[in-house]
Amino acid sequence: MTDPRRVLITGGSSGLGLALAVPLLRRGDHVTLLARDPVKLAVAAGQLREQVPGTRVGILASDVSGPGIATDLDRAVAAMGGLDLLINSAGILREGYVEKLTDQDYRQTLDINFFGTVRTIRAALPHLKASGRGHIVNIASVAALTGVFGYTAYCSSKYALLGFSEALRAEMKPQGIKVQVVCPPEFDSPMVDALDQTRTPENQAHTLTIPKLDVTTVVDAVMAGLSLGSFLIVPGAQTRLMTFGIRHFPGISRWVADRSIRAAYRGPH
Ligand SMILES: NC(=O)c1ccc[n+]([C@@H]2O[C@H](COP(=O)([O-])OP(=O)(O)OC[C@H]3O[C@@H](n4cnc5c(N)ncnc54)[C@H](OP(=O)(O)O)[C@@H]3O)[C@@H](O)[C@H]2O)c1
């Protein structure tokens with residue numbers, strides 16, 4: 001075990017955030033999980049202690065979009081004795097027709113996925129600078145690279161997060177802080193289980209054109225990406241091929257999407 005880091009994972013009580021804690025703990029890192037629900041956090045930390053015995057898992061109940069995030073983060077960092085790696089995985093998804101989503105859906109999605117990440121990073125920066133090897137990893141989505149039916153709120157938040165991450169990378173580089181962003185396609189998680197209960201048929205059809213991964217594949221890609229250090233991490237070979245197509249042949253990508261949506265179309269009425 002070499003080079004243990006002090007790691008804070010937002011959205012650490014579930015899905016990708018929780019799954020990422022396992023290899024980090026196995027390599028000897030000290031990990032603190034941050035999320036809103038203290039019960040889910042305690043259960044998650046218990047699971048991790050069983051999976052990786054003898055490891056140091058902390059929990060912090062806080063809302064990345066709430067007024068207390070900076071003071072809460074300071075408290076968690078003090079308990080770890082510093083912060084080397086911040087992984088921003090906290091996020092929500094509201095899927096639906098633009099006519100059906102509410103102002104609150106848009107506001108909450110942007111508040112958590114974008115502003116929550118921005119505020120967490122700003123609160124963490126003094127600690128990451130003090131570390132001397134500060135590192136930020138933002139979990140965006142393939143929905144930051146292409147528009148998906150039903151994701152007008154979600155894509156807005158993830159495109160914003162990708163743009164923020166690009167600019168932040170340039171600003172942090174001279175200060176020795178590494179910034180990376182992950183754009184996974186859909187993977188199995190509680191977020192997707194909930195989505196499956198309510199998603200529009202058009203979203204179902206459109207997302208079927210983007211190969212789904214299991215969470216383990218995403219975790220492996222993130223861990224490999226952390227070591228390699230490239231800015232953009234796109235898990236899955238098929239996803240990388242697809243994003244190449246989106247970037248270089250956008251018209252063809254939209255044609256494929258439109259064709260799948262047309263076959264499933266019901267509309268908002
Ligand atoms: N699953 C996918 O297919 C997929 C694909 C691409 C990208 N992503 C992104 O990957 C990340 C993780 O997604 P997931 O599927 O693992 O989701 P998940 O299982 O629903 O986990 C989301 C986590 O975020 C926490 N959270 C939500 N709102 C929060 C807030 N305001 N403050 C602090 N914590 C908050 C949740 O706990 P509490 O509710 O207790 O706060 C939970 O721990 C998200 O950013 C998501 O957008 C997911």
Side-chain angles (χ1 to χ4, degrees), residues 8-22 31-45 47-48 59-70 72-73 76 86-95 107-121 123 137-146 148 150-151 153-162 164-165 181-197 199 203-204 206-208 210-219 221-222 233-236 239 242-243:
L8 181 66
I9 307 178
T10 78
S13 66
S14 173
L16 180 58
L18 176 57
L20 279 169
V22 175
V31 175
T32 297
L33 313 173
L34 182 155
R36 291 167 299 183
D37 183 340
V39 176
K40 258 168 55 181
L41 276 169
V43 171
Q47 275 174 17
L48 290 172
I59 54 173
L60 173 65
S62 188
D63 182 340
V64 293
S65 66
I69 184 62
D72 289 346
L73 183 141
L86 170 66
I87 300 179
N88 292 296
S89 189
I92 60 163
L93 173 59
R94 300 278 180 269
E95 192 274 330
R107 207 166 280 126
Q108 209 185 5
T109 306
L110 268 293
D111 270 353
I112 295 175
N113 296 4
F114 177 64
F115 289 110
T117 305
V118 172
R119 294 179 70 214
T120 305
I121 290 171
V137 177
N138 293 332
I139 308 299
S141 170
V142 156
L145 303 170
T146 189
V148 179
Y151 285 176
Y154 188 68
C155 280
S156 302
S157 71
K158 294 297 185 178
Y159 269 75
L161 181 58
L162 180 60
F164 172 79
S165 305
V181 64
V182 186
C183 288
E186 202 165 294
F187 57 84
D188 57 304
S189 81
M191 178 184 277
V192 170
D193 292 343
L195 172 67
D196 280 339
Q197 306 305 309
R199 68 163 111 210
N203 175 269
Q204 173 78 45
H206 189 174
T207 51
L208 280 175
I210 307 169
K212 187 173 172 176
L213 298 179
D214 57 55
V215 71
T216 315
T217 308
V218 180
V219 168
V222 175
I233 301 170
V234 179
T239 328
M242 193 199 71
T243 54

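Heads up: numbering here begins at 1 and tracks the sequence. We count ligands from 1, going down the list as the structure has it; atoms in each ligand are counted the same way.
Nearest-residue assignment for atom 26 (N) of ligand 1 (options S89, A19, A90, P38; heavy-atom criterion): A90. Closest heavy-atom approach to atom 22 (C) of ligand 1 among the candidates G15, G91, G66: G91.
Close contacts between ligand 1 and D63 involve ligand atoms 30 (C), 31 (N), 32 (N) [criterion: under 4.0 Å to a heavy atom]. For ligand 1, the atoms lying closer than 4.0 Å to a non-hydrogen atom of I139 are 9 (C), 10 (O), 11 (C), 45 (O). Of all atoms in ligand 1, numbered sequentially from 1 with element shown, those under 4.0 Å from a heavy atom of L16 are 16 (O).
Between S141 and ligand 1, no pair of N/O atoms sits closer than 3.5 Å. Taking distance alone, with nitrogen or oxygen atoms compared against 3.5 Å, Y154 approaches ligand 1 more closely than that limit. Taking any N or O of G17, backbone or side chain, none lies under 3.5 Å from an N or O belonging to ligand 1. At a 3.5 angstrom cut-off on N or O pairs, I92 does not count as close to ligand 1. Where the criterion is an N or O separation shorter than 3.5 Å, residue side chain and backbone included, V64 meets it with respect to ligand 1. The shortest N or O to N or O distance between E186 and ligand 1 is not below 3.5 Å.
The side-chain heavy atoms of D196 and V192, taken from C-beta on, include a pair separated by under 4.5 Å. N113 places a side-chain heavy atom less than 4.5 Å from the side chain of Y154.
For A143, no heavy-atom contact with ligand 1 is shorter than 4.0 Å. At a heavy-atom distance under 4.0 Å, only backbone atoms of P185 (N, CA, C or O) approach ligand 1. Residue contacts with ligand 1, taken as heavy atom pairs separated by less than 4.0 Å, involve S189 solely via side-chain atoms from C-beta onward. Counting heavy atoms closer than 4.0 Å to ligand 1, residue I112 contributes side-chain atoms (C-beta onward) but none from N, CA, C or O. Contacts between K40 and ligand 1 below 4.0 angstrom, taking non-hydrogen atoms only, involve the side chain exclusively. Contacts between C183 and ligand 1 below 4.0 angstrom, taking non-hydrogen atoms only, are absent altogether.
In this structure, A44 falls outside the shell of residues with a heavy atom less than 4.0 angstrom from ligand 1. For the ligand labelled ligand 1, residue K212 lies outside the 4.0 Å heavy-atom shell. Residue P184 places a heavy atom under 4.0 Å from ligand 1.
The protein heavy-atom contact nearest to atom 7 (C) of ligand 1 is A140 O, 3.1 Å. Summary of contacts: the protein heavy atom closest to atom 25 (C) of ligand 1 is G11 CA, 3.6 Å.
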